[in-house]
Amino acid sequence: MEGAKINLHTLGQRGEALAAEFLKAKGFEILAQNYRCGRNEIDLIAKRNNVISFVEVKTRRSYEFGHPAEAVTKSKQREIAKAALCYIERAAHQGVTYRFDVVAVMLHHTPPAIELIEDAFRIF
């Protein structure tokens, strides 16, 4: 079981690194990685133009358990939103809008398939 945890952790880290590079190539500036507020975490916080995106990265090796974005449940969305509110309260950004994005990373492709789902869900 311990090996599975390490592999899942490594899988997640690889996906987040690929997602960050993907977003940079699309003109985003990465403001934070693994931003934590209490028990809640946001994988990536990225900015492009006047939009700050709170990005959840989901990485899979196959479609056996569905599309990676399907793993962003309502419960997970609430956790991300709590961390996002914390970030908004602490950051001094003016003239920006905020949104929640999902980056789905599929590692069974060569090169990996990466999909950005902008404005994937809304909380407010």
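Along the sequence shown, residues are numbered consecutively beginning with 1.
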Is the shortest heavy-atom distance from the side chain of [X] to the side chain of [Y] under 4.5 Å?
| X | Y | value |
| --- | --- | --- |
| Val72 | Lys58 | yes |
| Arg90 | Tyr35 | yes |
| Thr97 | Asn50 | no |
| Val51 | Phe28 | no |
| Asp101 | Ile117 | no |
| Val96 | Lys47 | yes |
| Ile123 | Gln77 | yes |
| Leu116 | Leu23 | yes |

Practice prompt. Say whether Phe22 and Leu18 are linked into one hydrophobic cluster, either directly or through other cluster members, by side-chain heavy-atom distances under 4.5 angstrom.
Written response: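 Per the 4.5 Å side-chain linkage, Phe22 and Leu18 are co-clustered.
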Practice prompt. Any chance you could lay out the ring-ring contact (aromatic ring centres under 6.0 Å, His included) test for His108 and Tyr63, step after step, and finish with the verdict?
Written response: CA-CA 9 Å; His108 73 282; Tyr63 288 106; 5.3 Å; yes
Worksheet item: In chain order, what residues pass the side-chain contact (heavy atoms from CB on, under 4.5 Å) check against Ser75, with sequence neighbours excluded?
Response: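 Testing Ser75 for side-chain contact (heavy atoms from CB on, under 4.5 Å), a comparison that skips the adjacent residues, returns Thr73, Arg78, Glu79.
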Practice prompt. Applying salt bridge (Lys or Arg N to Asp or Glu O under 4.0 Å), name anything that partners Glu41, two or more places apart in sequence or on another chain.
Written response: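 Residues passing salt bridge (Lys or Arg N to Asp or Glu O under 4.0 Å) with Glu41: Arg36.
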Practice prompt. Apply salt bridge (Lys or Arg N to Asp or Glu O under 4.0 Å) to Lys24 and list each qualifying residue two or more places apart in sequence or on a separate chain.
Written response: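 Only Glu21 meet the salt bridge (Lys or Arg N to Asp or Glu O under 4.0 Å) criterion with Lys24.
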Worksheet item: In terms of ring plane angle, is the pair Phe54 and Phe100 parallel, tilted or perpendicular, where the classes change at 30° and 60°?
Response: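 Tilted.
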Discussion item. Pair Arg61, Leu11 - check side chain to side chain contact (heavy atoms under 4.5 Å, CB included), show working.
Written reply: CA-CA 9 Å; Arg61 292 183 202 147; Leu11 179 74; 3.7 Å; yes
Item to complete: Could you grab the distance from atom OH of Tyr87 to atom CD1 of Ile80, nearest 0.5 Å is fine?
Response: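 With rounding to 0.5 Å, OH (Tyr87) is 15.5 Å from CD1 (Ile80).
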Discussion item. Quick one, His93 with Tyr98, criterion side chain to side chain contact (heavy atoms under 4.5 Å, CB included). Give me CA distance, side-chain angles, the key distance, then yes/no.
Written reply: CA-CA 10 Å; His93 296 287; Tyr98 299 95; 3.7 Å; yes
Worksheet item: Does the distance from a Lys or Arg side-chain N to an Asp or Glu carboxylate O, for Arg14 and Glu16, drop under 4.0 Å?
Response: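 Looking at Glu16 together with Arg14, the answer is no, because their closest N to O distance does not fall below 4.0 Å.
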Worksheet item: With the threshold set at 4.0 Å, does a side-chain nitrogen-carboxylate oxygen contact exist between Arg99 and Glu118?
Response: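 Here Arg99 pairs with Glu118 in a salt bridge, since their nearest N and O are under 4.0 Å apart.
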Worksheet item: Do other residues, nucleotides or ligands put more than 12 heavy atoms under 6.0 Å from Lys76 NZ?
Response: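 Check passes, neighbour count above 12.
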